[in-house]
Peer 1: 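Starting off with a structure, shown below.
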There are 2 protein chains.
Amino acid sequence: MLKLSKLTDYAVVALVRLGQKSEVTTSPVLSRSTGIPEPTVAKVLKILATQGIVTSQRGARGGYRLAQPLEEISIAAVIQAIDGPISLTTCVDGGDCDARSTCGLGGQWDMVNAAIRHALSAITLADMKNHTVTDRLGGLHVPPMPDGPEATA
Amino acid sequence: MLKLSKLTDYAVVALVRLGQKSEVTTSPVLSRSTGIPEPTVAKVLKILATQGIVTSQRGARGGYRLAQPLEEISIAAVIQAIDGPISLTTCVDGGDCDARSTCGLGGQWDMVNAAIRHALSAITLADMKNHTVTDRLGGLHVPPMPDGPEATA
DNA sequence: CCATAATTGGACCAGAACAGTACTGTTTCC
DNA sequence: GGAAACAGTACTGTTCTGGTCCAATTATGG
């Protein structure tokens, strides 16, 4: 379905909420604040901590804090932290494409991947919080799309 | 991992190959021509037929044919045909988001979805065949990306 | 006009990946 | 020393993808 994992969705919600607090925040607090189940939000924060998106403070009075302001964290960074690298096909960069010789299109998917990564890198968590899109998005902000439900024409 | 299904990859390969033939082509022929297992390529073509990407002719001497030239079929159309709608999260357009009131970001994912759809609509199957990217891609072709493996900064 | 063969169409089943949960261990404050 | 909170690992249930099989349909040949 070309949809990212629900964990990533939770991560964005939690990070945005975390960015609205200046103090270190615990998982239970963030759970109550976002509505995400406590074990799940804990898991998400754990992963984000390992990836350097948030910094953690262990022990009593511990919690999590953003490693960077919301404006500096791109959607692509969050997705890569939770879901792993953004690669639409396995047939990229030395993947295990068993029909590489016959399929005809060498590594053309790389171009598609780059396009998506670029689109995702241009959107930050601050953009997700605010309902206004910054100008950095260039021509990407909800343009008149030429694609219909079925075909392109 | 934000990767699309292998079926979609197969679909692109099969469609490009199909675009190089002017006659109706059967699944077995396309299988031998692409290296994709016969049942799989048959399934892919079947789905593409229901979505109107290809036209089918049943019975003996039947087969498949492109409904439109390769230049008119976008990657987005193929992905939507195989994988379903491009919606990164379930929390879009009346989805089953159970924390809509608490999560804070209303339908901001729509913006992300639109950006990806736009990027995918700009690439056609003809672009996948040829190794040159058309000018319609604008600023999307492998730009200097500001995103690192871990964080954005 | 009928039988046969070829081919698509739709349904079914197995395998893997993911989401979610629980438990144990380590660290820090009181 | 006790309590609170993160860190890491392991497990289970569910969903989805990938692949296979059988039924419906049509052109061809007799």
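We name chains A, B, ... by the order of the sequence lines, and we start the count at 1 in each one.
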Peer 1: Nearest nucleotide by nearest heavy atom, which residue falls closer to the 5' end of DNA chain D, Thr25(A) or Leu2(A)?
Peer 2: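 This one resolves to Thr25(A).
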Peer 1: Applying side-chain hydrogen bond (donor to acceptor under 3.5 Å, both in side chains), name anything that partners Ser56(B), two or more places apart in sequence or on another chain.
Peer 2: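 Testing Ser56(B) for side-chain hydrogen bond (donor to acceptor under 3.5 Å, both in side chains), a comparison that skips the adjacent residues, returns none.
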Peer 1: At less than 4.0 Å, is any side-chain N or O atom of Thr26(B) found next to OP1 or OP2 of dT8(C)? Yes or no.
Peer 2: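 Answer no for this pair, as no side-chain N or O of Thr26(B) is under 4.0 Å from OP1 or OP2.
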Peer 1: Nucleotide range of DNA chain D contacted by chain A, 5' to 3', under 4.0 Å to a heavy atom?
Peer 2: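 It runs dA4(D) to dT17(D).
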Peer 1: More 5' along DNA chain C: Arg61(A) or Leu7(A), using each one's nearest nucleotide?
Peer 2: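 Closest to the 5' end, via its nearest nucleotide, is Leu7(A).
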Peer 1: Relative to the 5' end of DNA chain D, which residue comes earlier, Gln57(B) or Thr40(B), by the nucleotide with the nearest heavy atom?
Peer 2: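 Final value for this comparison: Thr40(B).
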Peer 1: Could you check whether Leu45(A) gets within reach of a base, just the sugar-phosphate, or nothing at all, counting any heavy atom under 4.0 Å?
Peer 2: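 The answer is nothing, as Leu45(A) stays clear of every strand by at least 4.0 Å.
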Peer 1: Considering non-hydrogen atoms only, spot the tightest contact between Ala42(B) and Tyr64(B) and give its length.
Peer 2: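 Between these two residues, the closest heavy atoms are O-OH, 4.4 Å.
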Peer 1: Can you list everything that forms a side-chain hydrogen bond (donor to acceptor under 3.5 Å, both in side chains) with Thr26(B)? Sequence neighbours excluded, please.
Peer 2: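 In terms of side-chain hydrogen bond (donor to acceptor under 3.5 Å, both in side chains), with neighbours along the sequence ignored, Thr26(B) is linked to no residue.
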Peer 1: Taking CG from Leu48(B) and P from dG10(C), how many angstroms apart are they, rounded to a whole number?
Peer 2: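 So the CG-P distance, Leu48(B) to dG10(C), works out to 13 Å.
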Peer 1: Using every non-hydrogen atom in the two residues, find where Ala14(B) and Leu30(B) come nearest and quote the distance to one decimal.
Peer 2: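 Where Ala14(B) meets Leu30(B) most closely, the heavy atoms are O-CD2, 4.2 Å.
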Peer 1: Do any N or O atoms of the protein come closer than 3.5 Å to N or O atoms of nucleotides 12-16 of chain C, and which pairs are they?
Peer 2:
none

Peer 1: Measure across Ser121(A) and Ala76(A) and return the closest heavy-atom pair with its distance rounded to 0.1 Å.
Peer 2: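 Minimum heavy-atom contact is OG-CB, 3.6 Å.
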Peer 1: Residues two or more places apart in sequence or in another chain: which of them pass side-chain hydrogen bond (donor to acceptor under 3.5 Å, both in side chains) with Thr8(B)?
Peer 2: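 Scan of Thr8(B) (side-chain hydrogen bond (donor to acceptor under 3.5 Å, both in side chains), adjacent residues dropped) gives Ser5(B), Asp83(B).
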Peer 1: With sequence neighbours excluded, tell me which residues meet side-chain hydrogen bond (donor to acceptor under 3.5 Å, both in side chains) with Gln20(A).
Peer 2: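 Gln20(A): side-chain hydrogen bond (donor to acceptor under 3.5 Å, both in side chains) contacts with Arg17(A).
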Peer 1: On the nucleotide dC18(C), are OP1 or OP2 found under 4.0 Å from the side-chain N or O atoms that Tyr10(A) carries?
Peer 2: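 No.
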Peer 1: I'd like to know if Arg58(A) reaches the base of dT26(C) with its side chain, counting only an N/O donor and acceptor under 3.5 Å.
Peer 2: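 In this structure, the two groups form a donor-acceptor pair.
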